[in-house]
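Everything on this sheet refers to the single structure shown next.
Just so you know, these numbers use all the heavy atoms, side chains as well, and skip hydrogens, waters and symmetry mates.
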Amino acid sequence: MLSLSRNHRPSLFWRTFILLCGLIFFSVVGWLQSFRVLSELPYSQGVAQHIVSTANLTKYALVTADPLFRVDLLKLLAAREGLLLSPREPTDRVQVLPGDGFNGLIEQLVKHSLGTDTVLASSVNDVAGLWVSVDIDGDAYWMQTDSGILDPPLGTAWLWWALAACLASLFGATLLTRHVIDPLAKLSLVATQLGQGKVPAPLPEDAGTAEIQAVNMSFNHMVQDLRRMEADRELLLAGVSHDLRTPITRLRLEVELADLPEDSRAAMVSDLEQMENIVNQFLSYARHSHEEQELVNLGEAVEAAMSNARLSNDTSIKVTSSIAPNVFVMAPPLELSRAVQNLFTNAMRYGRSDDGILRLHVTADLARDGKNAVLAVGDEGAGLPAAERERVMRPFERGESARSGVTGTGLGLAIVERIVRRSGGSVQLDDMTPHGLLVRVIFPVTDPKTHKSREQKLAREQEKLEKKMLKGQQKN
């Protein structure tokens, strides 16, 4: 298969969408960090005050209570407040509370109020909880309270809130991006259709924003101006070509009837035929085609064009072809045939070798990416310098080597480029090995099954639309 390199770039939708998502993400992260920093000190002070107050109240309650009721008081604290007291022993297995983040500040505040020898632990004798060492009447105790007060203010619920906010932000970013990109996507679509020679549908001039409305109105006016200019040019060239045909035909008749030497008559007839051919090419270039695009087998179209050009009947032409079967493209059949024949005509005029032989190489195959079909027509003539390739694609332009000794209008490649562009393709000029010119015509490949299903879908939609219109007429 032929190779075809393409430059892939991210679309404006995804670029804008990713930028919005990144902005939302960093904004949320910054907000969470700011909230954490601003709430760290008040939260730590509240937790430390709770621990200190619980320890002091428990200690004062036990000291002032009647010794006979202390046991009942401890049971009541355990049942209602979840508060346990146990003697502190030197052999206790203590896991000190980690001193990072909130815990370090809480421990600092608690020690400031209860004493520097106060110990905060997360586990004592393998029993988890919030343990605080307290001194009651000279005896050391462990006070166990609810460890839930050490949970940050966000807890784990922030994960669910963050997930919900993320989904809502993604939905909002999608809507916002589509709202911004859709008018540009429509503009790009109709601009592509206009570049392919099609007549695009007018853009809506009642857009939601003043800028898009102004762009759409300007574009619609530009399309109308271009259509008027194209119609005027086609009418002008058609009129000129029609007026030229009459004297050309009369001159040819007079030459045929005149008493002239055979060589002179043949030369004059050849000149008149060349003039008529120029007029026909002017008309072919100026005429706006209304032929509908169809599913075309590229290989069969190329073989038919080769047969119509009668290349095999000319002994001065040697053809080498490699045509792959079942490569389908969407194109106007007659225009595609005309484009291929123009390539052959261009090669016959400018691509002959020094010995007068045209060595023509024709290839029709899929590109390596499988998404494009490539028709390559090469010769082994003098070739075309790279600096002239862009220029010869314009109308009425020919290469310097083609100007000497070879007549033509300079419309052959321009007509090919216009026909191919209407089908969504492109034309590339390159060097032929070892010398000569290679013309590559690139078409997007169309799958027949996909095309058939698309046609059936369009037919069903058209049928539904007609039924809906019929019902509306019956109601009226």
Side-chain angles (χ1 to χ4, degrees), residues 6-28 165-238 285-293 330-332 335 390-391 393-395 414 417-427 442-444 454 457-458 461-462 464-465 468-469 472:
R6 297 182 64 183
N7 187 17
H8 295 279
R9 293 186 178 182
S11 64
L12 182 59
F13 172 83
W14 287 111
R15 186 175 296 179
T16 307
F17 180 76
I18 292 173
L19 287 176
L20 283 176
C21 290
L23 177 62
I24 293 173
F25 173 77
F26 286 111
S27 298
V28 170
C166 180
L167 294 177
S169 300
L170 290 176
F171 180 73
T174 303
L175 291 181
L176 179 60
T177 306
R178 287 196 178 278
H179 180 72
V180 175
I181 300 303
D182 278 351
L184 298 178
K186 292 179 181 178
L187 179 61
S188 175
L189 177 61
V190 297
T192 302
Q193 293 175 349
L194 183 64
Q196 293 175 354
K198 302 176 182 177
V199 180
L203 291 171
E205 297 184 358
D206 55 348
T209 59
E211 293 80 4
I212 297 299
Q213 182 180 8
V215 170
N216 289 353
M217 293 177 64
S218 300
F219 188 85
N220 290 338
H221 293 161
M222 182 192 70
V223 171
Q224 294 174 3
D225 293 340
L226 289 176
R227 291 177 62 184
R228 282 195 295 267
M229 291 174 59
E230 186 175 1
D232 293 343
R233 182 189 63 181
E234 183 175 352
L235 181 61
L236 175 63
L237 288 178
Y285 180 77
R287 187 183 300 115
H288 182 77
S289 175
H290 299 282
E291 185 183 7
E292 295 292 335
Q293 292 190 354
M330 290 296 298
E335 286 201 345
E390 182 180 357
R391 182 176 58 80
M393 298 299 296
R394 297 195 296 265
E417 199 270 340
R418 170 177 285 192
I419 293 174
V420 173
R421 190 175 69 245
R422 288 175 183 172
S423 303
S426 61
V427 180
I442 303 164
F443 294 97
R454 187 185 301 114
K457 182 179 178 181
L458 292 175
E461 292 178 354
Q462 183 66 23
K464 290 181 181 178
L465 181 61
K468 186 177 180 180
M469 294 175 62

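When all heavy atoms of R422 and E335 are compared, the pair lying nearest together is NH1-OE2, 2.9 Å. Smallest separation of non-hydrogen atoms from L187 and V190: O-CG2, 3.2 Å.
To the nearest 0.5 Å, the span separating CD on Q224 from CE on M229 amounts to 14.0 Å. Rounding to the nearest 0.5 angstrom, the gap separating the CZ atom in R418 from the OG atom in S423 is 13.0 Å.
In this view, L189 and Q193 satisfy the side-chain contact (heavy atoms from CB on, under 4.5 Å) rule, not counting sequence neighbours.
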